[in-house]
Each structure stands twice: as structure tokens, then as C-alpha cells.
Protein chains: 2
Amino acid sequence: MVSSAYLRHMEKNISTEERIKNAAKKIFINKGLAGARMQEIADEANINKAMLHYYYRSKDLLFQRIFDEVIGEFAPKIVSILGGESPLETKIKDFVHHYLEMLSRNPFMPLFLISELRNQPEHVIEKVGIVRSGALSRLGEQLEMETKAGTIRPITPAHFMANLISLSIFPFLGQPMLQSMFGMSDSDFALFIEERKKLIPEFVMSSLKPLS
Amino acid sequence: MVSSAYLRHMEKNISTEERIKNAAKKIFINKGLAGARMQEIADEANINKAMLHYYYRSKDLLFQRIFDEVIGEFAPKIVSILGGESPLETKIKDFVHHYLEMLSRNPFMPLFLISELRNQPEHVIEKVGIVRSGALSRLGEQLEMETKAGTIRPITPAHFMANLISLSIFPFLGQPMLQSMFGMSDSDFALFIEERKKLIPEFVMSSLKPLS
DNA sequence: GTCTATAAAGGGATAGAC
DNA sequence: GTCTATCCCTTTATAGAC
């Protein structure tokens with residue numbers, strides 16, 4: 001038996017906790033751990049500071065929760081796309097399409113992840129599970145197989161991944177720079193990213209094409 | 001007439017000011033504006049906190065000085081390489097070689113610049129002078145000319161620059177990630193970057209090659 | 001110019017009433 | 001669960017002696 005008082009309690013509880021998490025995510029992503037202020041998070045969530053500590057005990061714990069959650073949204077897709085059974089070209093297209101789409105909605109996520117990643121790289125890699133899952137070794141075998149078959153030029157998984165990730169993610173990191181340099185408005189930039197959905201796979205594929 | 005007392009004074013003055021700047025650069029680059037502590041900078045410079053304020057008045061002013069100076073080291077080379085008269089392939093090679101070399105010595109500079117750039121994008125672009133100098137328009141004309149001559153596929157300057165910068169700079173931003181993912185030691189990573197000096201120009205050139 | 005001591009502000013965390 | 005008030009440590013900045 002569940003009392004209606006209990007239900008009301010849980011509703012409010014969930015709602016406040018969610019509000020805090022959303023507020024904290026926004027502030028942390030924009031300012032980082034060191035730059036974020038508990039007061040700012042509280043204001044964003046329309047509650048007072050004491051509530052933050054009531055629910056999450058400390059700034060560090062709150063941050064850790066947010067950080068892990070963001071990684072959880074960001075990472076598993078990489079593993080499933082790259083570790084899957086699709087042909088190389090499909091993987092490249094899927095990867096680029098999925099991430100440009102996602103980053104268009106969350107353009108500050110890369111800077112946040114990369115900044116804070118430095119403080120706990122091993123924790124993150126473990127949490128992402130890209131190594132543990134074997135996705136990388138399967139990708140490596142795929143690259144090796146295609147090389148032997150003569151369908152692509154030889155390339156190591158590290159360089160392949162570095163190229164793919166660089167081309168997809170960096171433009172969001174350099175967005176202010178690119179917009180200033182080329183006088184792009186926000187909608188220009190959105191169009192620019194849209195173009196890259198086609199351009200990056202072409203770019204990567206043609207660089208892999210064997211020299212005839 | 002310049003007294004020897006004055007010279008001693010200036011020597012010490014320059015020396016202390018330099019020491020502060022070097023210390024501040026190191027701390028700011030590693031921790032960012034919000035994460036850096038004046039005490040830490042003072043310790044690094046082997047002086048006391050009061051000196052920092054004596055020379056630079058406030059943390060914000062000290063930061064601004066450092067930030068501008070770092071940009072001054074980083075940026076002009078881009079303008080001179082890309083805005084010059086060399087053939088496209090030479091520009092690509094020069095760009096990649098110069099920046100991978102420089103970033104190998106200063107691997108934290110990209111994160112620092114990109115993080116803090118968000119707070120003052122227009123100031124930076126003006127300071128860099130890449131637009132004002134006309135380097136970008138000259139590069140644009142060069143791309144257009146080569147396209148008309150049929151020596152390369154059509155590409156906009158924005159995408160060209162985005163590709164080149166992404167491939168060169170991102171690996172340093174993602175260094176912890178790449179090292180964890182592929183189990184690279186520091187010297188493995190150095191070798192990885194060394195390989196990219198050849199790989200990136202090949203990669204970019206082959207993607208520009210007209211479809212036969 | 002350089003130091004010690006201290007003021008002043010900022011910001012994370014807790015106590016206690018409701 | 002939520003609020004107000006407050007503690008207290010950290011950090012920036014200044015005063016003042018040398």
C-alpha cells in the first residue's frame with residue numbers, strides 16, 4: 001500500500017532533484033567545475049543553495065553525478081556504431097551523422113568533456129567501455145581485412161579514429177573562432193555543420209581509397 | 001647618463017616580472033582562469049602574492065596579459081603561412097609541420113585557448129588579424145583558382161580550414177582519451193604525432209584530388 | 001621592490017526553525 | 001523537504017614597515 005502523501009512526496013522529490021540536475025548540467029557544461037558557482041546552479045533551478053547540499057551533499061559529488069550522466073549519453077553510441085558489423089563506409093556515415101546531430105543540440109558538451117576528462121581519464125575510459133567491449137579490436141580487424149583485400153590504404157585504428165573524431169568534434173570546439181573568422185551567423189554555422197555531414201564521410205573515404 | 005643603480009633596478013625588475021609571467025603562463029594554461037590560484041602562481045615564481053599585485057594589479061589583468069601573449073605566439077604564423085604565395089600543397093605541409101612541432105612543446109595550449117576564447121571571441125580574432133590581413137581572402141582565391149584549373153575538387157575556405165585545423169589540433173585536446181583508448185605511453189603519443197606530420201598532408205591532399 | 005600582516009569578499013557547507 | 005541565517009575556510013587584494 002502506497003499512501004497519497006508518499007506519492008506527493010516522491011513527485012516533489014523527483015521534480016526538485018531533476019530540476020537541480022538540469023540546472024547543474026547547464027552551468028557545469030558552460031563553466032566547468034572550477035568556474036561554476038553553487039549559487040548560480042541554485043538560481044537556475046529556482047531553489048536555494050541549501051537544497052543542493054540536501055540532495056547531493058557537496059559540489060564535487062553533484063559534479064561527478066552530472067559528469068557521469070553526460071558521458072552516459074555521449075559514449076555508448078560510439079561503441080555500438082564502431083564495434084558493430086556494418087561495412088566501413090556505413091560506420092563512418094553513421095558516426096558522423098549521429099554525432100553532428102547530437103552536438104548540434106549540445107554544442108558545449110565537447111569542451112566540457114575534454115576539459116574535465118583530464119582530471120580522470122582512466123575513470124572515463126572504463127565507464128565508456130570502448131576498450132572493454134572489444135569494439136576497437138573489431139574495428140582494427142576490419143581495417144586490416146580491408147587493407148589486405150586492397151579496398152583501402154593501410155591505416156592504424158588510432159589514426160583512423162583520430163581523423164574521424166577530429167573532423168566531427170573540433171568544429172564545435174572552434175565554433176567561436178570559425179564564426180568570427182568567416183563571419184558566420186549562428187544559422188550559417190548550423191548550415192556549415194549540415195554540409196559537413198556529407199563532406200566528412202566523402203573526405204575520409206577518399207583519403208582511404210587506394211592509390212590507383 | 002644611466003646609473004648602475006638604475007640598471008640593477010631594471011634588471012631585477014625585468015627578471016621578477018618575467019618570472020611572474022612565466023609562472024602565470026604555466027599555471028593559467030594548465031588550470032584556466034577560474035582554476036588558477038594567485039598563491040600557486042606566486043609559489044611557482046618563488047615570490048609572494050603581494051608582488052603579483054604590485055606588478056599586475058589584479059588576477060584578471062594578469063590573465064589578460066598572459067592570454068594576449070600566448071595568442072601572439074600562436075597566431076601570426078597561421079596568417080603568414082596561409083596568406084603567403086606558396087602553392088597549396090606547400091601551405092598544407094608547412095601548416096601541419098609548424099603546428100604539430102609547436103604543440104608538441106606546448107600540448108596544453110589548445111585547451112587553454114579554446115576554453116578562454118569563448119569569453120572574448122571578437123577580441124581574439126581582431127588581435128590575431130587573420131581577417132584584417134586578407135590572408136583568408138587570398139587563400140579563398142587560391143582555392144577557387146585551383147578548382148577552375150581542375151587541379152582540386154571544389155571546397156570552401158571554411159571547410160578547408162576546419163579540416164586542416166581539426167586534424168592538426170584535436171589530437172592534443174583528445175590526448176588523454178587517445179592514450180587511454182589505445183594504451184599509448186607518452187613516447188607512443190609523441191611517435192603518433194610524428195606520424196601525423198606526414199599523414200595529415202597526404203590525407204588532405206588525397207581528399208582534394210579531383211575524382212578521375 | 002620586497003616582505004608580513006590583515007582586511008575584504010567570495011563561496012561551500014551546515015544548523016535549526018518550519 | 002524547504003527555507004533563513006550563519007559559519008568558516010579560501011582566495012583576492014591592500015596597508016604599511018623595511
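Computed from a predicted structure; not experimentally measured. Labels below follow one simple rule: chain letters A, B, ... track the order of the sequence lines, proteins then strands, and each chain is numbered from 1.
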CZ of Phe63(A) versus P of dG11(C): gap in Å, rounded? 18 Å
Atom CD of Glu40(A) and atom C1' of dG10(C): how far apart are they, to the nearest Å? 14 Å
Aromatic centroids of Phe63(B) and Phe67(B) separated by under 6.0 Å: yes
Taken in chain and number order and not counting sequence neighbours, the residues that satisfy side chain to side chain donor-acceptor pair (under 3.5 Å) with Ser86(B) are none
Per Tyr55(A) side chain, nearest of listed nucleotides dG1(D), dC3(C), dT2(C): dG1(D)
Set of residues satisfying salt bridge (Lys or Arg N to Asp or Glu O under 4.0 Å) with respect to Arg132(A), sequence neighbours excluded: Glu126(A)
Table please: side-chain donor-acceptor pairs of residues 95-103 of chain B below 3.5 Å, with sequence neighbours left out.
unit_1: Tyr99(B); atom_1: OH; unit_2: Phe74(B); atom_2: O; d: 2.6
unit_1: Tyr99(B); atom_1: OH; unit_2: Ile78(B); atom_2: N; d: 3.2
unit_1: Glu101(B); atom_1: OE1; unit_2: Lys197(B); atom_2: NZ; d: 2.5

In whole angstroms, how far is the C1' atom of dT2(D) from the CE atom of Met51(A)? 5 Å
Kindly say if Thr16(B) contacts the phosphate of dT2(C), meaning a side-chain N or O under 4.0 Å from OP1 or OP2. yes
Within this structure, what is the CD1-to-C1' distance between Ile20(A) and dG1(D), rounded to whole angstrom? 11 Å
Applying side chain to side chain donor-acceptor pair (under 3.5 Å), can you list everything that pairs with Ser185(B), at least two apart in sequence or on another chain? Ser187(B), Asp188(B)
For Lys59(A), the side chain to side chain donor-acceptor pair (under 3.5 Å) test, sequence neighbours excluded, returns none
For nucleotides 12-18 of chain D, give me one character per nucleotide, 5' to 3': B if any protein heavy atom sits under 4.0 Å from the base, S if the only such contacts are to the sugar-phosphate, - if neither. BBB----
Just N and O in the side chain of Asn48(B): are any of them under 4.0 Å from OP1 or OP2 of dC3(C)? yes
